[in-house]
Amino acid sequence: MQLKILVLTLLLCLVTPAFAVIEVFTFDDPVKEQRYRKLSEELRCLVCQNQNLADSNADLAKDLRNQVYNMIEAGKNDAEIIDYMVSRYGEFVLYRPPLQTNTVLLWAGPFVLLLGGLAGLAVFVRRRKATTRERMSPEEQARLRRMLEEQGGEPRS
C-alpha cells in the first residue's frame, strides 16, 4: 500500500511541470529578458494570491505579464513599472512589501512568535524540572540513591 502511494506521489510530481506557464516574449536584449523574469517573479498574481505572475495561469496574470513586457519594451525602468503596478493594484501586488508602519507586524511577527514560543518552552521546561524534584521527599531521594548504588548505577544529582 505504501509503495502504491509513493509511486502515485512520484507520478504527480512528474506531471506538475506540465502545468507551468509557457509564454514566448521576444526581447532584443538579454538584460530586458532578465528584468522581465525578475519582475514577473516579484509581482503577485491578484487572482491566485499565492503565486507570482510568472507561475500563474490566470487571465489577469497574463494581462499583467503583457503589461510588464510592454513597459519594458517602452523603456520604463523597474521602479517605474513597480510604481505603476502599486498605484493601480495597491501594495498587495508586491511579494516583498516595503518595511513601513503598516507592515511592521508582517516583517517582525514571525520573529516575535518565535521568541514567544522559545520563552514559553523555557518556562515549561523549568516548571517541569521544579515539579519533578518536588515530587520526592528527601527521604525518598536518599532511598532511591541507595537503591541505585546497590544495583551499580550512578545516582544523578
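Each residue takes its place number in the sequence, starting with 1.
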What verdict does the side chain to side chain contact (heavy atoms under 4.5 Å, CB included) test give for Val47 and Asp59, after you've listed the backbone C-alpha separation in whole Å, the side-chain angles of each residue and the deciding distance to 0.1 Å?
CA-CA 9 Å; Val47 176; Asp59 290 337; over 6 Å; no

Trace of the salt bridge (Lys or Arg N to Asp or Glu O under 4.0 Å) decision for Arg37 with Glu33:
CA-CA 6 Å; Arg37 290 180 193 267; Glu33 184 175 354; 2.8 Å; yes

Could you walk me through whether Arg44 and Tyr95 pass the side chain to side chain contact (heavy atoms under 4.5 Å, CB included) test, one step at a time?
CA-CA 6 Å; Arg44 179 190 312 266; Tyr95 251 127; 3.7 Å; yes

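- Taken to the nearest 0.5 Å, the CG atom of Leu53 stands 10.0 Å off from the CD atom of Glu41.
- A distance of 13.0 Å separates CE in Met71 from CG in Asn66, rounded to the nearest 0.5 Å.
- Atom OH of Tyr84 and atom NZ of Lys76 lie 9.5 Å apart (nearest 0.5 Å).
- Summarising the geometry of Thr103 relative to Gln100, their closest heavy-atom pair is OG1-N, 2.8 Å, with the distance given to 0.1 Å.
- Taken from CZ in Phe92 to CE in Met85, the straight-line distance is 14.5 Å, to the nearest 0.5 Å.
- Arg126 meets the side chain to side chain donor-acceptor pair (under 3.5 Å) test with no other residue; sequence neighbours excluded.
- Remark: Asp28 engages Lys32, Glu73 in a side chain to side chain contact (heavy atoms under 4.5 Å, CB included) (not counting sequence neighbours).
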What do the steps show when you test Gln141 against Leu144 for side chain to side chain contact (heavy atoms under 4.5 Å, CB included), and what is the final call?
CA-CA 5 Å; Gln141 290 178 4; Leu144 179 62; 5.6 Å; no

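- Residues meeting the side chain to side chain contact (heavy atoms under 4.5 Å, CB included) test with Leu94, sequence neighbours left out: Leu43, Ile82, Val86, Pro98.
- Asp83 meets the side chain to side chain donor-acceptor pair (under 3.5 Å) test with no other residue; sequence neighbours excluded.
- With rounding to the nearest 0.5 angstrom, the CG atom of Asn57 is 7.5 Å from the SG atom of Cys48.
- Residues Ser40 and Arg65 share a closest heavy-atom pair of OG-CG, 4.3 Å.
- Through side-chain heavy atoms spaced under 4.5 Å, either directly or across other Ile, Leu, Val, Met, Phe, Trp or Tyr residues, Phe111 is tied to no other residue.
- One finds the CD atom of Glu91 at 10.5 Å from the CG atom of Leu106 (value rounded to the nearest 0.5 Å).
- In summary, Arg143 and Glu139 do not engage in a salt bridge, as defined by a charged side-chain N under 4.0 Å from a carboxylate O.
- At least one donor-acceptor pair under 3.5 Å links the side chain of Glu80 to the backbone N or O of Asn77.
- Using a 4.5 Å cut-off between side-chain heavy atoms of Ile, Leu, Val, Met, Phe, Trp and Tyr, with links allowed through other members, Trp107 and Val104 fall into the same hydrophobic cluster.
- Under a 3.5 Å cut-off, the side chain of Glu42 and the backbone N or O of Leu39 do not form any donor-acceptor pair.
- Residue Leu121 qualifies as enclosed at atom CG: its count of foreign heavy atoms under 6.0 Å is above 12.
- Judged as a ring pair (Phe, Tyr, Trp, His ring centres under 6.0 Å), the pairs with a partner in residues 24-80 (not counting sequence neighbours) are, in order, Phe25-Tyr36, Phe25-Tyr69, Phe27-Tyr36, Phe27-Tyr69.
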